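Dropping the structure in here first, questions after.
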Amino acid sequence: MVKICGIGAGYVGGPTMAVIALKCPSIEVAVVDISHSRISAWNSNKLPIYEPGLEQVVNQCRGKNLLFSTDVEKHVHEADIVFLSVNTPTKTRGLGAGKAADLTYWESAARMIADVSKSNKIVVEKSTVPVRTAEAIEKILTYNTNSKGIKYQILSNPEFLSEGTAIQDLLNPDRVLIGGNQCPEGLQAIQKLKAIYAHWVPEDRIITTNLWSAELSKLADNAFLAQRISSINSMSALCEATGAEVSQVSHALSKNTKIGPKFLNASVGFGGSCFQKDILNLVYICESNGLNEVANYWKQVIKMNDYQKNRFVRRVVTSMFNTVSGKKIAILGFAFKKDTGDTRKTPAIDVCKGLLGDNACLSIYDPCVIEEQIQKDLSMDGVEFDHPVHLQPMNSTMVKQVSIVGDAYEATKDAHGICILTEWDEFKNIDFQRVYDSMQKPAFVFDGRNILNAEKLREIGFIVYSIGRPLEQWLISMA
Ligand SMILES: NC(=O)C1=CN([C@@H]2O[C@H](COP(=O)(O)OP(=O)(O)OC[C@H]3O[C@@H](n4cnc5c(N)ncnc54)[C@H](O)[C@@H]3O)[C@@H](O)[C@H]2O)C=CC1
Ligand SMILES: O=C(O)[C@H]1O[C@H](OP(=O)(O)OP(=O)(O)OC[C@H]2O[C@@H](n3ccc(=O)[nH]c3=O)[C@H](O)[C@@H]2O)[C@H](O)[C@@H](O)[C@@H]1O
């Protein structure tokens, strides 16, 4: 029986390994992690991450051909194929700080594989890594184990799932990308991995390339997606200045088959653990190769995203008589997108910090993010967010001007303004007349996701700002 070991039981490792177990009952899948709390949660009824459909998949396989364990060495030792899905955050100190990928976790996993292996293995890069990382891992493995005569094949098999739709994305991927050495052993390893995916993915969707193309394709993929969001967000600023409406512009663009419909929603800014980190990584690689113009081109995508978040905060403050000091502002949504509890790099952190900087009192409601996480996000300096949970600071200092509440009505009671920062479906069904009646007047809504019907809100009496939509007179006069 083929044995797989997945190192890293996070947002990628957990769901991807669970889906392989589901689709390949003849393969034994062990998911291992150095975090005891994460593994015990995977073994409980309350999984460590929220992802629609994940619980059903885990329940079907756990205890049969899927197990979660902290005994990393044992399962790596027994595996034929090892998937690496560990953190690759941005470096916070030393050479390349603020841009380059921090490969500490990656390297320590590779060294551990080298230490415990007694048989040939295929090592699969699932984490997003700088191009040519496979070369580094190969060196670590071969220099450490030469004497044992063990042979490794390194494959790059980047993951393209999105949070909130991870299970659907894994069950029905657009494509699976496998890069490997173009020598006979490398090609054989590619075929072995391809055979696993072929259990459920049509062959024509499995693309094979050389190692460096696969590694770079993943960075390029995220950079292109983020660039589209920054592009439409740049248009949203111009729409507000000219009276054009960004959703109409998006719609018109989407009908051009050369452009297509996806990733054209203007927003308060993109978030998530990967877009910014992967672009920074790309920028660093370009700079290291002397390609400064290319690096500057991609940097602009992040600058535009920062501009969009700052612009939103400025709009809130200027609309409310140039100060939010002492005012209660309701924050609806804190996760970086709907259907996830993940807050890594969520735009809500920057918006909340911006408002707190102007001395606002925030009342935050998110259906999926727990109080402790929000407090931690608002009190940390933001650089630790993508390291393993058990290595993050334990005790965050409570931010006094912030309260986290259990529903939207409590959050908005007595508030001067409301900021919609995540596009949760339930926010569309709020009784806004009831909300308006309970708020201070004038009552403001700042819709950072364009999910509300601004006209209806205006009929109730709200002053409404929607990203990229024509500004009402109040907002123009206060700007
Ligand atoms: N979150 C996402 O949607 C996607 C993430 N990626 C990439 O996948 C990688 C992992 O991301 P996430 O799953 O989001 O991170 P995560 O933080 O949720 O999970 C990583 C896990 O690896 C564990 N770990 C770290 N070092 C270890 C070691 N030496 N041995 C055993 N376990 C170790 C950590 O404890 C943690 O549980 C990153 O490179 C990321 O860029 C790629 C596609 C999608
Ligand atoms: O490498 C990764 O981590 C993953 O990053 C993204 O997935 P994810 O971050 O989970 O979520 P997205 O749906 O891409 O959204 C990212 C951010 O962009 C925002 N967004 C997205 C789309 C859009 O039109 N407008 C917009 O503002 C979202 O609200 C969110 O804050 C990519 O879509 C995945 O292909 C990739 O595998």
Side-chain angles (χ1 to χ4, degrees), residues 5-16 31-39 41-42 48-49 51 69-70 72-73 75-76 83-90 101-113 125-130 133 158-166 169-170 173-174 218-219 221-226 228-233 236 250 254 261-278 281 305 308 333 335-340 342-348 385-392 421-423 448-450 467:
C5 176
I7 305 182
Y11 284 89
V12 168
T16 48
V31 191
V32 298
D33 202 291
I34 43 177
S35 161
H36 286 259
S37 62
R38 268 225 161 143
I39 290 299
W42 280 109
I49 59 176
E51 199 53 72
S69 168
T70 50
V72 182
E73 281 88 356
H75 293 287
V76 169
F83 284 78
L84 274 171
S85 312
V86 301
N87 321 61
T88 51
T90 306
D102 177 348
L103 294 178
T104 312
Y105 306 108
W106 180 263
E107 185 173 335
S108 98
R111 286 182 187 280
M112 183 273 305
I113 297 173
E125 298 176 344
K126 257 264 161 254
S127 303
T128 304
V129 290
T133 297
E159 184 47 59
F160 296 106
L161 66 78
S162 292
E163 290 180 28
T165 54
D169 295 343
L170 289 165
D174 295 342
K218 174 61 193 179
L219 293 179
D221 209 83
N222 275 356
F224 272 55
L225 292 174
R228 270 175 82 102
I229 303 169
S230 278
S231 297
I232 198 67
N233 282 344
S236 76
S250 297
S254 73
K262 294 186 178 165
F263 275 71
L264 286 177
N265 289 327
S267 66
V268 60
F270 62 73
S273 63
C274 293
F275 280 174
Q276 175 158 328
K277 129 177 126 58
D278 294 346
N281 185 353
N305 199 45
Q308 190 75 347
F336 82 98
K337 61 188 273 194
K338 73 171 182 178
D339 292 337
T340 177
D342 194 352
T343 61
R344 289 177 293 177
K345 268 294 180 197
T346 174
F385 75 93
D386 203 22
H387 291 259
V389 179
H390 67 290
L391 299 180
Q392 290 176 15
L421 299 186
T422 314
E423 71 282 21
R449 297 290 182 167
N450 285 350
I467 301 259

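As the structure lists them, so they are numbered: ligands from 1, and atoms in each ligand from 1. Keep in mind it's a predicted model, so treat the numbers as computed, not measured. Starting from 1, each residue takes its place in the sequence as its number.
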Short N or O distance, Pro347 and ligand 2, threshold 3.5 Å exclusive: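 So ligand 2 has no N or O lying under 3.5 Å from an N or O of Pro347.
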
Region of Asn222 that comes within reach of ligand 2 [heavy atoms, distance under 4.0 Å]: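 Just the side chain.
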
Under-4.0 Å heavy-atom contact with ligand 2, by part of Leu225 that carries it: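 It is the side chain that touches ligand 2; the backbone stays farther off.
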
Minimum heavy-atom distance between Val86 and Ser127, given as atom pair plus value: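 Here Val86 and Ser127 meet closest at O-OG, 2.7 Å.
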
Shortest heavy-atom approach to atom 17 (O) of ligand 1 - which of Leu161, Asn87, Thr70: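 Selected option, by shortest heavy-atom distance: Asn87.
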
Element-labelled atoms of ligand 1 that are located less than 4.0 Å from some non-hydrogen atom of Glu163: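 Near Glu163, the atoms of ligand 1 are 1 (N), 2 (C), 3 (O).
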
Element-labelled atoms of ligand 2 that are located less than 4.0 Å from some non-hydrogen atom of Cys274: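 Listed by number with element, the hits are 1 (O), 2 (C), 3 (O).
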
Among Lys337, Lys338, Arg344, salt bridge (Lys or Arg N to Asp or Glu O under 4.0 Å) partner for Glu163: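 Running salt bridge (Lys or Arg N to Asp or Glu O under 4.0 Å) over Lys337, Lys338, Arg344 with Glu163 returns exactly one hit, Arg344.
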
Nearest protein heavy atom with distance in Å, relative to atom 21 (C) of ligand 2: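 Scanning the protein heavy atoms, the shortest distance from atom 21 (C) of ligand 2 goes to Ile229 CD1, 3.5 Å.
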
Atom 5 (O) of ligand 2 - nearest protein heavy atom and its distance: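 Here the nearest protein heavy atom works out to Phe275 CE2, 3.6 Å.
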
Contact atoms of ligand 2, heavy-atom distance to Glu159 under 4.0 Å: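 Listed by number with element: 37 (O).
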
Heteroatom distance test (Gly13, ligand 1): nitrogen or oxygen, under 3.5 angstrom: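 No, Gly13 has no N/O under 3.5 Å of an N/O on ligand 1.
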
Structural part of Arg449 in contact with ligand 2, heavy atom criterion under 4.0 angstrom: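 Arg449 to ligand 2: side-chain contact only, backbone stays beyond 4.0 Å.
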
Which of the ligand 1 atoms, numbered from 1, are nearer than 4.0 Å to a heavy atom of Lys218: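 Those of ligand 1 that fall under 4.0 Å from Lys218 are 43 (C).
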
Ser127 and ligand 1 - part of the residue with a heavy-atom distance under 4.0 Å: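 Near ligand 1, Ser127 shows its backbone as well as its side chain.
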
Shortest reach to atom 24 (O) of ligand 2 by a heavy atom, considering only Asn265, Asn233, Leu161: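 Looking at heavy atoms only, Asn265 sits closest to atom 24 (O) of ligand 2.
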
Set of residues satisfying side-chain contact (heavy atoms from CB on, under 4.5 Å) with respect to Asn222, sequence neighbours excluded: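 Checked Asn222 against side-chain contact (heavy atoms from CB on, under 4.5 Å); matches are Lys218, Leu225, Cys274, Phe275, Asp278.
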
Pairwise distance CD(Glu51) to OG1(Thr165) - rounded to 0.5 angstrom: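 The CD atom of Glu51 sits 6.5 Å away from the OG1 atom of Thr165.
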
Distance-minimising heavy-atom pair for Leu161 and Ala166: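 Smallest heavy-atom distance, with atoms named: CD1-CB, 4.0 Å.
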
Those atoms of ligand 2 less than 4.0 Å from some heavy atom in Ser162: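 Under 4.0 Å from Ser162, ligand 2 has these atoms: 7 (O), 10 (O), 32 (C), 33 (O), 34 (C).
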
Between Ser236 and Gln308: side-chain donor-acceptor atoms closer than 3.5 Å: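 There is such a pair (donor and acceptor under 3.5 Å, judged by atom type) between the side chains of Ser236 and Gln308.
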
Numbering as shown, the atoms of ligand 2 that approach Ser267 to under 4.0 Å (heavy-atom distance):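 It comes down to these atoms of ligand 2: 26 (C), 27 (O).
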
Flag for Thr104-Asp102: side-chain donor and acceptor within less than 3.5 Å: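 Looking only at side-chain atoms, Thr104 and Asp102 do form a donor-acceptor pair, the distance falling under 3.5 Å.
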
Identity and distance of the protein heavy atom lying nearest atom 9 (O) of ligand 2: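 Heavy-atom neighbour on the protein nearest atom 9 (O) of ligand 2: Phe336 CE1, 3.4 Å.
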
Nearest non-hydrogen partners of Pro89 and Asn87, listed with the distance: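 Taking Pro89 first and Asn87 second, the nearest heavy atoms are CD-C, 3.4 Å.
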
Mode of Lys218 contact toward ligand 2 - side chain, backbone, both, neither (heavy atoms, under 4.0 Å):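 Contact part for Lys218 vs ligand 2: side chain (C-beta onward).
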
Set of residues satisfying ring pair (Phe, Tyr, Trp, His ring centres under 6.0 Å) with respect to Trp42, sequence neighbours excluded: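 With neighbours one apart ignored, the set is Phe68.
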
Min heavy-atom dist Ile7 to ligand 1 below 4.0 Å: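 The answer is yes, since Ile7 has a heavy atom less than 4.0 Å from ligand 1.
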
Taking atom 14 (O) of ligand 2 as the reference point, the nearest protein heavy atom with its distance: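 For this ligand atom, the closest protein heavy atom is Phe263 CZ, 3.2 Å.
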
Test item, Met112 contacting ligand 1 (heavy atom, 4.0 angstrom):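 False for this residue.
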
Part of Glu107 within contact of ligand 1 (heavy atoms, under 4.0 Å):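 Under 4.0 Å from ligand 1, Glu107 contributes no heavy atoms.
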
Part of Ser85 with heavy atoms under 4.0 Å of ligand 1, whether side chain, backbone, both or neither: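 Ser85 to ligand 1: backbone contact only, side chain stays beyond 4.0 Å.
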
